[in-house]
Amino acid sequence: MDLPLLVGIFPQVFLDGLILGFMYALIALGYTMVYGVLEFINFAHSEIFIVGAFVGVEILLGMRAAGWLEALPWPLVLLLILVAGMAGAGLLAVSVERIAYRPLRGAPRLIPLISAIGVSFFLQDLIRLVESIWRNAFNLVYPTMDALNHRFELTETIDVSVKSLVVIAAALAMLWALHALVNRTKIGTAIRAVAEDQAAASLMGIDVNRIISLTFLIGGAMGGAAGVLFGVQYGLINPYSGFIPGLKAFTAAVLGGIGNIPGAMIGGVVLGLLEAFAASYLSLLTGGAFGAEYKDIFAFSVLILILIFRPKGLLGEIVRERA
Amino acid sequence: MLSVDALEVAYGGIRALKGVALEVGRGEIVALLGNNGAGKTTTLKTISGLLRPRRGAIALEGESLVGVPPHRIVLKGIAHVPEGRRIFNRLSVRENLMMGAYPRHDAAAIAGDLDRVLVLFPRLGERIAQVAGTLSGGEQQMLAIARALMLGPRLLLLDEPSMGLAPVLVEQIFETIVDINRQGTTILLVEQNAAMALAIAHRGYVLETGSVVLTDTAAGLSDNADVRRAYLGE
Ligand SMILES: Nc1ncnc2c1ncn2[C@@H]1O[C@H](COP(=O)(O)OP(=O)(O)OP(=O)(O)O)[C@@H](O)[C@H]1O
Ligand SMILES: [Mg+2]
């Protein structure tokens with residue numbers, strides 16, 4: 001074993017894991033918020049996430065075609081696609097709830113879940129159809145912005161791109177904003193009240209359906225932001241590339257304690273770090289017997305272990321009390 | 001102020017109310033008495049919009065409430081303290097109280113009402129930042145009432161405020177109910193504890209298996225032989 005190498009790459013791996021983890025955290029929020037309010041797993045959230053990425057890439061491609069991409073300052077461009085991706089994904093999530101979930105409220109739990117799986121497949125193929133007609137391709141590449149690819153060399157073995165810093169900063173800002181919204185505003189308190197007891201909340205004058213829509217809007221917007229950051233960070237997207245990150249983010253939500261907002265953030269970061277460390281260290285530590293391709297097996301094994309000892313997740317599931 | 005007429009409510013095939021009629025006048029405390037399963041909770045839930053009646057009329061100052069969703073009925077000034085308190089366990093005491101004032105936007109008046117309910121329930125003031133789920137049963141009942149008062153309601157529906165409380169606390173809660181009424185809030189009070197309810201009410205109704213079987217002034221009901229036998233333990 002090459003100890004100096006193991007130590008040397010640590011900060012880089014940590015950074016990569018952090019980026020991945022924040023991405024999972026942002027996506028996981030959508031699962032956990034909806035679960036908290038409706039006790040329902042929005043299986044279509046992975047597609048809502050990838051729609052955010054597609055909104056972003058379409059705007060970037062459009063701007064590049066118009067020659068604006070070079071003309072405008074990059075922070076402005078980034079802000080624009082972030083806001084557009086959030087709006088697109090948020091509104092989509094609200095519409096999906098209205099059309100595919102609300103009519104099924106009160107039906108047995110399995111029914112809306114099946115509806116959600118249907119929406120998931122529907123959206124995948126809808127994106128594919130639209131992009132195939134519009135661009136004659138559905139594998140799209142995020143146009144690069146030179147300033148974002150600039151790398152700072154911190155040491156010989158560690159460098160960090162502007163892009164990575166931006167992704168981390170944006171994710172942190174979003175997580176903080178959501179936390180403040182949910183915990184420090186009246187509307188956020190109403191979301192928590194509805195999550196706990198819908199009938200009692202309606203007796204407070206809270207329009208429960210509006211709060212549910214708002215929950216989908218916020219969760220969808222966070223997913224959309226993650227989608228844009230995903231595109232910016234990793235470049236290539238297609239209509240199906242939401243599925244695996246979605247699944248992992250869902251796992252992260254369960255890891256943190258489904259229904260628990262800080263839990264989703266922590267669960268996402270933990271999963272991202274596990275995955276990054278597994279990807280880089282497995283082959284080094286096992287003398288090449290297990291390569292990076294085993295990262296998911298390792299990450300999920302750890303996850304299963306954690307859940308065996310803490311079945312309600314790291315921060316504990318929030319179970320709704322019913323009077 | 002509130003008039004309910006020929007109200008019929010069913011849960012699936014089970015008829016819970018079979019033509020309930022009652023009136024609550026402005027400034028009154030009206031008691032709704034009855035045994036377990038008589039339909040008291042069902043009556044309150046239907047008034048506040050949580051249940052839809054099959055038939056019948058509910059009107060507040062002449063305006064029909066039938067078919068209006070609960071969050072809109074709240075806007076008309078009806079606050080409902082539901083059976084079993086139903087406070088938000090994971091929210092702090094302050095947040096619970098703020099949810100009570102949810103439809104209001106007059107910050108100064110809300111702050112004034114917060115002070116007012118904390119004078120009525122000083123115990124809540126001492127625990128304002130505590131998570132509500134950790135309050136004692138009596139404190140939770142106080143919170144449920146205080147939360148409803150934060151709406152500044154014209155009409156307060158109380159469903160068994162004495163349930164599960166020690167006698168001293170019951171007395172204290174009932175004194176507070178009288179205070180609230182004196183300050184101008186009309187009250188419809190559902191109680192198993194008929195003696196206490198009739199001691200503070202102006203009038204009362206007796207409900208049996210979904211129908212009103214008797215109505216009189218509180219004094220009249222207290223003197224009624226049937227009521228004494230069935231509800232006052234004689
Ligand atoms: N959700 C429900 N589903 C089916 N039946 C119900 C439901 N809620 C109440 N009932 C029935 O309706 C009738 C009236 O119930 P309700 O809760 O109004 O009684 P109550 O007078 O409040 O009784 P208690 O004093 O025990 O609270 C009862 O027979 C009850 O079993
Ligand atoms: Mg009852």
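Letters go in sequence order (proteins before strands), and every chain restarts at 1.
Using a 4.5 Å cut-off between heavy atoms, N183(A) touches chain B through its backbone atoms (N, CA, C, O) alone. I87(B) touches chain A through its backbone: at least one of N, CA, C or O sits under 4.5 Å from a heavy atom, while the side chain does not. Proximity to chain A is absent for every atom of L75(B), based on heavy atoms less than 4.5 angstrom apart. At a 4.5 Å heavy-atom cutoff, R85(B) makes no contact with chain A through either its backbone or its side chain. When heavy atoms are compared at a cutoff of 4.5 Å, A148(B) does not approach chain A at all. The parts of M99(B) that come within reach of chain A are both its backbone and its side chain, each placing non-hydrogen atoms under 4.5 angstrom from that chain.
The candidate from K45(B), M150(B), E95(B) with the greatest count of non-hydrogen atom pairs under 4.5 Å with chain A is E95(B).
Checking side-chain atoms of D207(A) against main-chain N and O of N209(A) turns up a donor-acceptor pair under 3.5 Å. Checked by atom type and distance alone, the side chain of T176(B) pairs as donor or acceptor with a backbone atom of Q172(B) at under 3.5 Å. No donor-acceptor pair under 3.5 Å is formed between the side chain of T46(B) and the backbone N or O of P53(B).
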So T42(B) and Y11(B), side chain to side chain donor-acceptor pair (under 3.5 Å) or not? Walk me through it. CA-CA 10 Å; T42(B) 304; Y11(B) 297 98; 2.9 Å; yes

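Classified by interplanar angle (parallel below 30°, tilted 30° to 60°, perpendicular above 60°), the ring pair F40(A)/F216(A) is tilted.
Atoms CZ and CG, from R127(B) and L118(B) in turn, are 12.5 Å apart once rounded to the nearest 0.5 Å.
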